[in-house]
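Numbering of residues begins at 1 and proceeds along the displayed sequence.
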Amino acid sequence: MNQRNNHRLILFPLPFQGHINPMLQLGRILYARGFSITILHTNFNAPDPSSHPHFTFRSIGDSFDRSEATPSDIPGLLLLLNTRCASPFEERLQEMMSSPGSDSVPVTCLISDSLFSFACDVAERLKVRALVLPAGGATSFYVYTILPVLKEKGYFTIDGSQSEEAVTEFPPLLVRDIPAIKLQKPEMALQLFDNMIRVIKSSAGVIFNTFEELEHPALTSVREVLLVPDFVIGPFHKCCMTSSSSSLLAEDRSCISWLDEQPIKSVIYVSFGSAVVLSESEILEIALGLADSEQPFLWVVRPRLVCDPEWLQKSPSHFLEALERRGKTVKWAPQMEVLAHPAVGAFWTHSGWNSTLESISEGVPMLCTPRFSDQGVNARYVSDVWRVGVHLNGGLKREYRKGEELRERASVLKEKASACLRPGGSSYRGLDGLVNHILRFHSENRSSVLEGSFNPL
Ligand code: UDP
């Protein structure tokens, strides 16, 4: 574990919680395989180095300021981030290539988030091999690749945001599940996805945080589109079990002792990830749903979950008291530990990919209320394909009867998520393949330098 192999990997995460987590988990996995890890990060949402004492942290020294972007305009935010980070990233990477750190371990490869559209081009200019990590699953990734076809078929011209019409090209997707369908101007999002696919196609390989047994059909389709080496090695968080956290907000651990006092499988854990913003009426509906369920619940009400940050304080005191009697609210939870806790019986989620995979890995059935991006696809697969959750179109009670069947399916998938990581399992072999692939870069780099040529594949 502590034997280093004289290869440094530079990891460049997109500065949002759902992207930082898998990238830092990947860092821990590859550190355990002997690589030295440098996390190259933006000043904006910088990770906390003290939680990862084995890694080196370097900022690109960007001047990105989130307040310059409209909060609800995620594609605009990502495009601005790309504009602001490209030059500082290039300068910093160049600096790192010309002067290795104090331990003199040379850089073998860059692993960049797939939504940084400039990183692989920069790496190619600087003659560094680049791998790409998409933060989502393979199924939603495949849906991104067919968005131009769906647009051509006219799905984006109708008001699809609520449409229950089937997407005939990709069952069991409904029109309202299509990523970007809820945007008034989806062109910018389509441009981002298109850039992402182009970047991966020109890279030296793609790493997926999923497992073959979960997403085999989508992975097969993705392989036909991308035509680059792929490494399917998830669920990341289960191959690098550690107590260190990548949370940008402080985790409130009091919820663990509260869970310790609850009956087995009795608690509904409620969290909508790091980016979803709800209206006051939506959050009230959730609160009423929880009260109606008559189950204990643990609810993450993070700052900025509601448009009005004073919402919780302004709510009538009897409402808050009723909530507190049945459950507990925290600003941020140690989610992986919560989902692994025996008291947790269900997860009410926005269906972000990390949350979905974390829940599947612990065998916790889900109640899904997706909002945007890949969440609609994830939720549809959770309910209709993997059958480990229900899609909540109405109240919480409506589909409650399915509980037993869901729990059974969830425990089957939990076992598959665990088996793939054991020696001989699909993700275990995938990781071996990834390690060998990276180690080969070293000898290829050396021979290409000797021959004066460089081929990114
Ligand atoms: N998370 C957490 N504590 C919380 C809520 C979320 O640690 O209270 C973590 C969760 O475990 C997951 C990530 O934040 O790894 C959220 O990622 P996801 O892809 O589910 O959603 P996003 O935030 O990107 O919408």
Side-chain angles (χ1 to χ4, degrees), residues 8-33 35-60 62 64 78 81-82 85 89 92-93 96 107-120 122-123 128-138 141 196 199-200 203-210 230-242 244-249 273-275 335-336 352-358 373-374 427 430-431 434-435 438:
R8 178 168 299 284
L9 309 180
I10 299 181
L11 273 55
F12 187 38
L14 197 80
F16 299 103
Q17 190 70 72
H19 295 249
I20 291 172
N21 284 7
M23 189 64 94
L24 269 68
Q25 288 157 2
L26 179 62
R28 289 198 289 268
I29 294 168
L30 293 169
Y31 178 83
R33 290 296 192 107
F35 294 97
S36 298
I37 305 292
T38 295
I39 305 294
L40 193 53
H41 60 86
T42 54
N43 279 335
F44 169 71
N45 273 351
D48 176 7
S50 69
S51 305
H52 310 276
H54 302 308
F55 297 170
T56 307
F57 285 79
R58 297 284 297 272
S59 168
I60 60 167
D62 57 295
F64 176 72
L78 291 172
L81 187 69
N82 270 285
C85 294
F89 170 79
R92 186 65 79 210
L93 189 61
M96 292 169 78
V107 174
T108 300
C109 156
L110 167 78
I111 304 180
S112 169
D113 189 288
S114 61
L115 285 171
F116 275 130
S117 53
F118 55 83
C120 287
V122 170
V128 186
R129 297 300 170 114
L131 296 169
V132 181
L133 172 68
F141 188 94
M196 175 170 83
V199 162
I200 297 178
S203 75
V206 57
I207 304 168
F208 280 107
N209 182 17
T210 183
D230 66 90
F231 305 95
V232 181
I233 63 168
F236 288 0
H237 70 290
K238 295 302 273 187
C239 16
C240 59
M241 292 308 276
T242 160
S244 64
S245 137
S246 321
S247 286
L248 294 167
L249 295 172
S274 61
Q335 179 164 303
M336 292 166 220
W353 181 245
N354 295 288
S355 295
T356 303
L357 203 54
E358 288 159 16
S373 185
D374 60 343
S427 293
L431 178 57
L434 174 62
V435 169
I438 297 174

Note, Ser245 side chain near Ser51 side chain (heavy atom, < 4.5 Å): no
So CG of Leu434 and CG of Leu131: to nearest 0.5 Å the spacing works out to 6.5 Å
Considering residues at least two apart in sequence or located in another chain, which fulfil the salt bridge (Lys or Arg N to Asp or Glu O under 4.0 Å) criterion with Asp62? none
Side chains of Ile10 and Met96, heavy atoms from C-beta outward: is any pair under 4.5 Å? yes
Closest approach of Met23 to Ser112 (non-hydrogen atoms, all atoms of both residues): CE-C, 3.7 Å
Test applied, side chain to side chain contact (heavy atoms under 4.5 Å, CB included); reference residue, Leu14; option that passes from Leu133, Leu115, Thr42, Ile20: Leu115
Test item: Ile39 and Thr56 side chains (from C-beta on) under 4.5 Å apart, heavy atoms: no
Suppose we screen for side-chain hydrogen bond (donor to acceptor under 3.5 Å, both in side chains). Which residues come up paired with Ser246, at least two apart in sequence or across chains? none
Would you give the length of the straight line joining atom CG of Leu26 to atom CZ of Phe35, rounded to the nearest 0.5 angstrom? 10.5 Å
Spatial distance of atom CD (Gln25) from atom NZ (Lys238) [nearest 0.5 Å]: 11.0 Å
Short question: side chain of Asn45, backbone of Pro15 - any donor-acceptor pair under 3.5 Å? yes
Are Phe208 and Ile233 close enough that some pair of their side-chain heavy atoms sits under 4.5 Å apart? no
Please tell me if the side chains of Phe55 and Leu11 come closer than 4.5 Å, counting only heavy atoms from C-beta onward. no
List the residues meeting side chain to side chain contact (heavy atoms under 4.5 Å, CB included) with Ser117, not counting sequence neighbours, and say none if there are none. Asn82, Asn195, Arg198, Val199
Distance (rounded to the nearest 0.5 Å) between Ser59 OG and Leu40 CG: 7.5 Å
Donor + acceptor pair across side chains of Thr38, Arg58 (<3.5 Å): no
With sequence neighbours left out, what residues match Ser114 under side chain to side chain contact (heavy atoms under 4.5 Å, CB included)? Val132, Pro134, Met196, Ile200
Result of checking Val232, Ile111, Leu431 against Ile207 for side chain to side chain contact (heavy atoms under 4.5 Å, CB included): Ile111
Looking only at heavy atoms, which two atoms of Ser427 and Gly234 are closest? And how far apart? OG-O, 2.6 Å
Phe57 and His52 aromatic ring geometry - parallel, tilted or perpendicular at 30°/60° bounds: tilted
Residues forming a ring pair (Phe, Tyr, Trp, His ring centres under 6.0 Å) with Phe116, sequence neighbours excluded: Phe12, Phe118
Any Pro13 side-chain heavy atom under 4.5 Å of His19 side chain: no
What distance separates Cys239 SG from Ile29 CD1, expressed to the nearest 0.5 Å? 3.5 Å
Nearest atoms (heavy-atom pairs only) where Ala138 meets Thr210: CB-CG2, 4.5 Å
Within the structure provided, determine whether Leu110 and Phe89 are in side-chain contact (heavy-atom separation under 4.5 Å). yes
Which residues satisfy the side chain to side chain contact (heavy atoms under 4.5 Å, CB included) test with Asn354, sequence neighbours excluded? Pro22, Asn209, Glu358
Walk me through whether Asp374 and Trp353 qualify under side-chain contact (heavy atoms from CB on, under 4.5 Å). CA-CA 8 Å; Asp374 60 343; Trp353 181 245; 3.8 Å; yes
Hey, is the main chain of Leu248 close enough, under 3.5 Å, to the side chain of Gln17 for a donor-acceptor pair? yes
Nearest 0.5 Å, please: how far is CZ in Phe44 from SG in Cys85? 9.5 Å
